[in-house]
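Following: one structure in structure tokens, then a few remarks.
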Amino acid sequence: MRPQFAPASNDAKPLWPVLKGAAIPAGANAGDWPTACGFSGKSGDICLLPDGRGGVAGALLGLGGPTDHARERFQFAAGKALPRGDWYLADLPAGFDLDQIALGWLLGQYRFTRYKGEAADGPRLVCPDGVDAARIEAIAAGEFLTRDLINTPASDMGPDQLEQVARDLAQEIGASISVTTGDALLAANFPLIHAVGRAAEQAPRLIDMRLGDHGPMLTLVGKGVCFDTGGLDIKPPSSMGLMKKDMGGAATVLGLVRMLAGTGAAQGVRLRVLIPAVENSIAGNAFRPGDVLTSRKGLTVEVNNTDAEGRLVLADALTFAAEESPDLTLSFATLTGAARVALGPDVPPFYCDDDATATAIQAAAMAVGDPLWRMPFWGPYDTLIEPQIADLDNAPSGGMAGSITAALFLRRFAEGAGRYVHLDIYGWQPSAAPGRPKGGVGQGARAVLAALPQVLS
């Protein structure tokens, strides 16, 4: 589905936002009707206003109070419960951001209907005055792409299909694309990507997309593990159930690319996208615990857990990225459970050594309702990823600081990649929230989009 605003027309009905406990706007001509219906302005409450002829004249939408505003990002996404038709904002209490209102409404309309049902026409919002409708639609379209990709099971979203999505997007935005597949990875010196994906029915590959030929160079690297069994260190069923989302980094990067192209933010930027796309499967030729692998960079890696495969495929991709000396490199990956233990599903940690870049991303994340939290590349923990028989350990024992040690591992391969930012995302909404149905969700893309004008200036 494609998110769209309604055109302005005389048929659109007024929607009156109401804070909890506040007076009903006089223009709504609601009389005692809201009180009779039990409407109090509680967050998400809707009160339809009759027109005296058995129809609907308009509606009230409850926005809740300060506690709700601190807990919820997109109160206006509750508008999805309105009757089908077109609506416009008749009034707005002070303190609300029109862009966030418009975006929240569109995000609330998302449905994943590939296998069940059809995308029904729900209530549509006339874009508020002062909002760039095309820009907000492009941002929502990028998020919808990310959600669709994560929600699609591995039976229909393996490396073959992920490559096709990337090719379709490249054609849509006018980008070039090349793909290195199967044993060609060895010839091209991507040994870690090949090792992780060689046991799967669909061959491993590295997707390389480019857009633009002038300006600062921005490289986006997305982890594309289309399904993760854990390899020979197999996951238990309870941990494997959501592993269709282990390509959430790639899905988020592709959604961000659509945002960059659709909003015009890609103009004046040399954009490069690298996605190592693999399945971490089990077969006689699977890589093993205890193996020592040599990376593209030449660093050797002792495999102490085959379930820590994401950092391996990213290592070769980051090394490749660094060879062109970009100005800014960002990696997105559903990398560690430790990040969820530390910050939960809503707030992904990000890592960056450059204070100005990190400050800009953190501020943008909070401003656009796409929260991130900075964590440290803690140098003293480097010894934890240095085993006795190889340069690096892909899975340090002990279980402490798991997200940090994974980030430190990646940083070893990002040397020369300009300012480096790593986002350890979750990519999944465990339970429905305003603007975020249960299922796949993008994290960090809108924050990066908002920060780029500052960090690439």
Side-chain angles (χ1 to χ4, degrees), residues 1-19 22-31 33-34 37 39 41 43-63 73-113 117-145 147 172 258-259 261-264 368-369 434-437 446:
M1 61 185 300
R2 194 86 179 188
Q4 287 185 319
F5 291 109
S9 74
N10 292 331
D11 294 330
K13 294 181 173 62
L15 178 65
W16 305 88
V18 181
L19 294 169
I24 305 299
N29 297 316
W33 180 255
C37 293
F39 179 83
S43 182
D45 273 3
I46 289 175
C47 178
L48 300 179
L49 303 176
D51 63 4
R53 301 185 301 276
V56 175
L60 308 176
L61 174 64
L63 299 180
R73 303 181 207 171
F74 299 115
Q75 286 97 340
F76 282 80
K80 68 180 183 181
L82 287 165
R84 178 180 174 181
D86 295 345
W87 299 82
Y88 69 92
L89 291 180
D91 196 4
L92 186 67
F96 285 86
D97 183 292
L98 282 175
D99 280 3
Q100 288 297 91
I101 289 170
L103 178 62
W105 185 288
L106 293 184
L107 294 182
Q109 306 305 305
Y110 175 81
R111 300 289 186 278
F112 182 66
T113 58
E118 296 181 358
D121 291 333
R124 300 190 303 173
L125 181 70
V126 176
C127 189
D129 291 340
V131 172
D132 184 339
R135 180 176 183 276
I136 299 301
E137 286 175 346
I139 293 172
E143 172 64 18
F144 280 23
L145 173 60
R147 293 179 182 184
E172 173 187 324
R258 175 172 276 177
M259 293 180 197
T263 61
V368 301
R436 293 170 291 147
R446 291 187 296 105

Answer yes or no: is there a donor N or O on one side and an acceptor on the other, between the side chain of [X] and the main chain of [Y], under 3.5 Å?
| X | Y | answer |
| --- | --- | --- |
| Gln109 | Trp105 | yes |
| Gln100 | Phe74 | no |
| Trp33 | Leu48 | yes |

Among residues at least two apart in sequence or on other chains, which ones pass side chain to side chain contact (heavy atoms under 4.5 Å, CB included) with [X]?
| X | value |
| --- | --- |
| Ala90 | Pro14, Trp16, Tyr88 |
| Arg436 | Arg73, Arg147, Asp346, Gln429, Ala433, Val441 |
| Asn29 | none |
| Ala102 | Phe5, Pro128, Val131, Ile136 |

Say you draw a straight line from [atom1] of [X] to [atom2] of [Y]; how long is it, rounded to the nearest 0.5 Å?
| X | Y | atom1 | atom2 | value |
| --- | --- | --- | --- | --- |
| Phe76 | Leu107 | CZ | CG | 14.0 Å |
| Tyr110 | Lys80 | OH | NZ | 12.5 Å |
| Ile101 | Leu92 | CD1 | CG | 4.0 Å |
| Leu106 | Leu125 | CG | CG | 7.5 Å |

Which residue pairs satisfy the side-chain hydrogen bond (donor to acceptor under 3.5 Å, both in side chains) criterion with at least one member in residues 123-134, sequence neighbours excluded?
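Found Asp86-Arg124.
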May I have all residue pairs that pass side-chain hydrogen bond (donor to acceptor under 3.5 Å, both in side chains) and include part of residues 2-12, sequence neighbours excluded?
none
CZ of Arg135: more than 12 outside heavy atoms within 6.0 angstrom?
no
Kindly give the heavy-atom pair with the smallest separation between [X] and [Y], and that separation in Å.
| X | Y | answer |
| --- | --- | --- |
| Ala78 | Ile46 | O-CD1, 3.6 Å |
| Gly435 | Ala77 | N-CB, 3.2 Å |
| Trp87 | Gly58 | CZ3-C, 3.7 Å |
| Pro34 | Cys47 | CA-SG, 3.9 Å |
| Leu49 | Ala28 | CD1-O, 3.9 Å |
| Ala57 | Pro50 | CB-O, 3.7 Å |

Side-chain contact test, heavy atoms from C-beta onward, threshold under 4.5 Å: evaluate it for Arg446 versus Leu103 and give yes or no.
yes
